[in-house]
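Report on one structure; see the data block that follows.
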Amino acid sequence: MSEKNPEVPSEVSLKVLVDDVPSVEGVVPAHGLSILVEASLGREKKRILFDTGPSKKILEYNAGVLGEHTRVDIIVGSIHLSHHVGCIDEYAERTIILRPPLPLRYKDGARLEEIRFLPGFYLVKTSSPWGEQGLLIPTEKGYILLAGCSVHGFKETFGWLFSSNLRIFGVVGGLGVSSRDMYNLGFLKRLSKKGVELIFPLHSVSLEARRKLMKLNRFPVDFEVPGGGSEISI
């Protein structure tokens, strides 16, 4: 598939650099999120940082613990909250920054916006008053949606995307779900039944809700409860 369509990476890896819950020893937990994406496109690899978490010190420390670095091609910010983009400006001189829209400023509604220098990768613009945006990553199994916070709940923020013709293989990140949120838990359960194989909750998902959602996950992962330091390879 990737030989026929060079826009689909032959391999994609995700590594959680910052999360509220640690999954490996030595990683510092922090309220926030940062996910490192590495996509193999032909002979080159593109590195994308989705959110930075609240602090450069924590981000760089955790990256080092995990044998990583923060030299990336692009940083995508999901929402204008300090625990998501708290240190994004500190990387502005050395990398491309795709900032989220300012709260109450985005008026174009929910839509997809292809990243012009990364064909096949899309910013997922939402109608949230917070200006929240996600990231769609192409893989040979379908798209993976990275969500930062889902501040109004996952279905309200990103549910429209699953009515499109896109093949969504996985959802990863802040899904905005508590263990008593039957509305969003039910929606994610329906998505699982409809073919979303990878469900990997982080950040804005309570610990108990993470355990519940991981029972819906059908893609092999090494972590019972995902958090800082957890990894996925597709």
Side-chain angles (χ1 to χ4, degrees), residues 6-9 12-19 32-41 44-56 58-60 63 68-139 143-152 154 157-158 160-161 164 166 168 170-176 202-204 232:
E7 296 175 2
V8 177
V12 172
S13 66
L14 308 176
K15 186 175 288 188
V16 183
L17 302 185
V18 177
D19 187 62
L33 183 68
S34 182
I35 302 172
L36 177 64
V37 180
E38 191 168 79
S40 298
L41 290 161
E44 64 176 343
K45 288 188 176 182
K46 292 294 185 180
R47 288 167 59 88
I48 304 167
L49 194 62
F50 183 75
D51 280 348
T52 65
S55 157
K56 183 179 181 181
I58 293 172
L59 177 63
E60 300 278 356
E68 283 293 349
H69 57 81
T70 57
R71 295 186 297 277
V72 296
D73 299 289
I74 306 168
I75 297 178
V76 176
S78 70
I79 189 169
H80 272 284
L81 292 171
S82 62
H83 50 283
H84 287 272
V85 293
C87 59
I88 200 168
D89 289 335
E90 298 185 55
Y91 295 94
E93 291 186 1
R94 74 185 202 197
T95 193
I96 297 168
I97 306 288
L98 300 180
R99 303 175 188 274
L102 290 170
L104 302 176
R105 299 286 182 88
Y106 181 70
K107 305 296 184 183
D108 292 341
R111 65 186 180 88
L112 297 178
E113 181 180 299
E114 189 171 28
I115 300 175
R116 59 184 177 81
F117 39 82
L118 263 184
F121 291 70
Y122 292 87
L123 297 176
V124 183
K125 302 291 188 177
T126 74
S127 56
S128 166
W130 279 95
E132 185 167 358
Q133 65 182 8
L135 175 65
L136 272 184
I137 303 166
T139 78
Y143 281 96
I144 295 175
L145 169 65
L146 296 192
C149 199
S150 305
V151 69
H152 294 294
F154 184 73
T157 308
F158 294 106
W160 63 273
L161 188 62
S164 70
L166 291 175
I168 309 293
V171 294
V172 175
L175 308 182
L202 298 163
H203 175 51
S204 58
I232 310 167

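In this chain, numbering begins with 1 at the start of the sequence shown.
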About how many Å separate CD1 of Ile144 and CD1 of Ile232, when rounded to the nearest 0.5 Å?
-> 6.5 Å

Is there a donor-acceptor contact under 3.5 Å from the side chain of Arg47 to the main chain of Arg71?
-> yes

dist Ile96:CD1 -> Ile75:CD1 (nearest 0.5 Å) comes out at 10.5 Å

Between Ser150 and Thr157, is there a donor-acceptor pair closer than 3.5 Å when you use the side chain of the first and the backbone of the second?
-> no

Side-chain donor-acceptor pairs of residues 113-120 under 3.5 Å, sequence neighbours excluded:
unit_1	atom_1	unit_2	atom_2	d
Glu113	OE1	Arg111	NH2	3.1
Glu114	OE2	Gly120	N	2.7

Should Leu136 and Leu166 count as side-chain neighbours, where that means a heavy-atom distance under 4.5 Å?
-> yes

Should Pro54 and Val18 count as side-chain neighbours, where that means a heavy-atom distance under 4.5 Å?
-> yes

What's the verdict on side-chain contact (heavy atoms from CB on, under 4.5 Å) for Glu68 and Leu36, showing C-alpha distance, side-chain angles and the deciding distance?
-> CA-CA 9 Å; Glu68 283 293 349; Leu36 177 64; 3.5 Å; yes

Counterpart residues, side-chain contact (heavy atoms from CB on, under 4.5 Å), relative to Val85 (two or more places apart) = Asp51, Ile88

Applying side-chain contact (heavy atoms from CB on, under 4.5 Å) to Glu60 and not counting sequence neighbours gives Lys56, Thr70, Tyr91, Arg94

Donor-acceptor contact present, side-chain Glu132 to main-chain Ser78, <3.5 Å | no

How long is the span from the CD atom in Gln133 to the NE2 atom in His80, to the nearest 0.5 Å?
-> 8.5 Å

Minimal heavy-atom distance between Ser204 and Gly176, with the atoms involved, is OG-N, 2.9 Å

Do Phe154 and Val171 come within less than 4.5 Å of each other through their side chains, counting heavy atoms only?
-> yes

Which pair of heavy atoms, one from Pro138 and one from Val12, lies closest together, and at what distance?
-> O-CG2, 3.8 Å

Spacing of Ile137 atom CD1 and Phe50 atom CZ [to the nearest 0.5 Å] | 8.5 Å

Side-chain heavy-atom pair Val37, Leu14 within 4.5 angstrom cut-off | yes

Look up atom OG1 in Thr95 and atom CG in Leu49, then write down how far apart they are to the nearest 0.5 Å.
-> 8.5 Å

Step by step, work out the salt bridge (charged side-chain N to carboxylate O under 4.0 Å, His left out) result for Asp73 and Lys45.
-> CA-CA 10 Å; Asp73 299 289; Lys45 288 188 176 182; over 6 Å; no

Checking side-chain contact (heavy atoms from CB on, under 4.5 Å) for the pair Phe121/Ile48: CA distance, chi angles, key distance, verdict?
-> CA-CA 11 Å; Phe121 291 70; Ile48 304 167; 4.0 Å; yes

Separation between CG of Leu135 and CG of Leu145, rounded to the nearest 0.5 Å = 8.0 Å

Which of parallel (below 30°), tilted (30 to 60°) and perpendicular (above 60°) describes His83 and His203?
-> tilted

Gly131 and Pro100: which non-hydrogen atoms are nearest, and at how many Å?
-> O-CB, 3.8 Å

Taking all atoms of both residues into account, what is the closest heavy-atom pair of Gly174 and Leu33, and its distance?
-> N-CD2, 4.2 Å

Does Leu146 reach the side chain of Val76, with side-chain heavy atoms less than 4.5 Å apart?
-> no

Validation row: His152, Pro129 side chains within 4.5 angstrom (heavy atoms) | yes

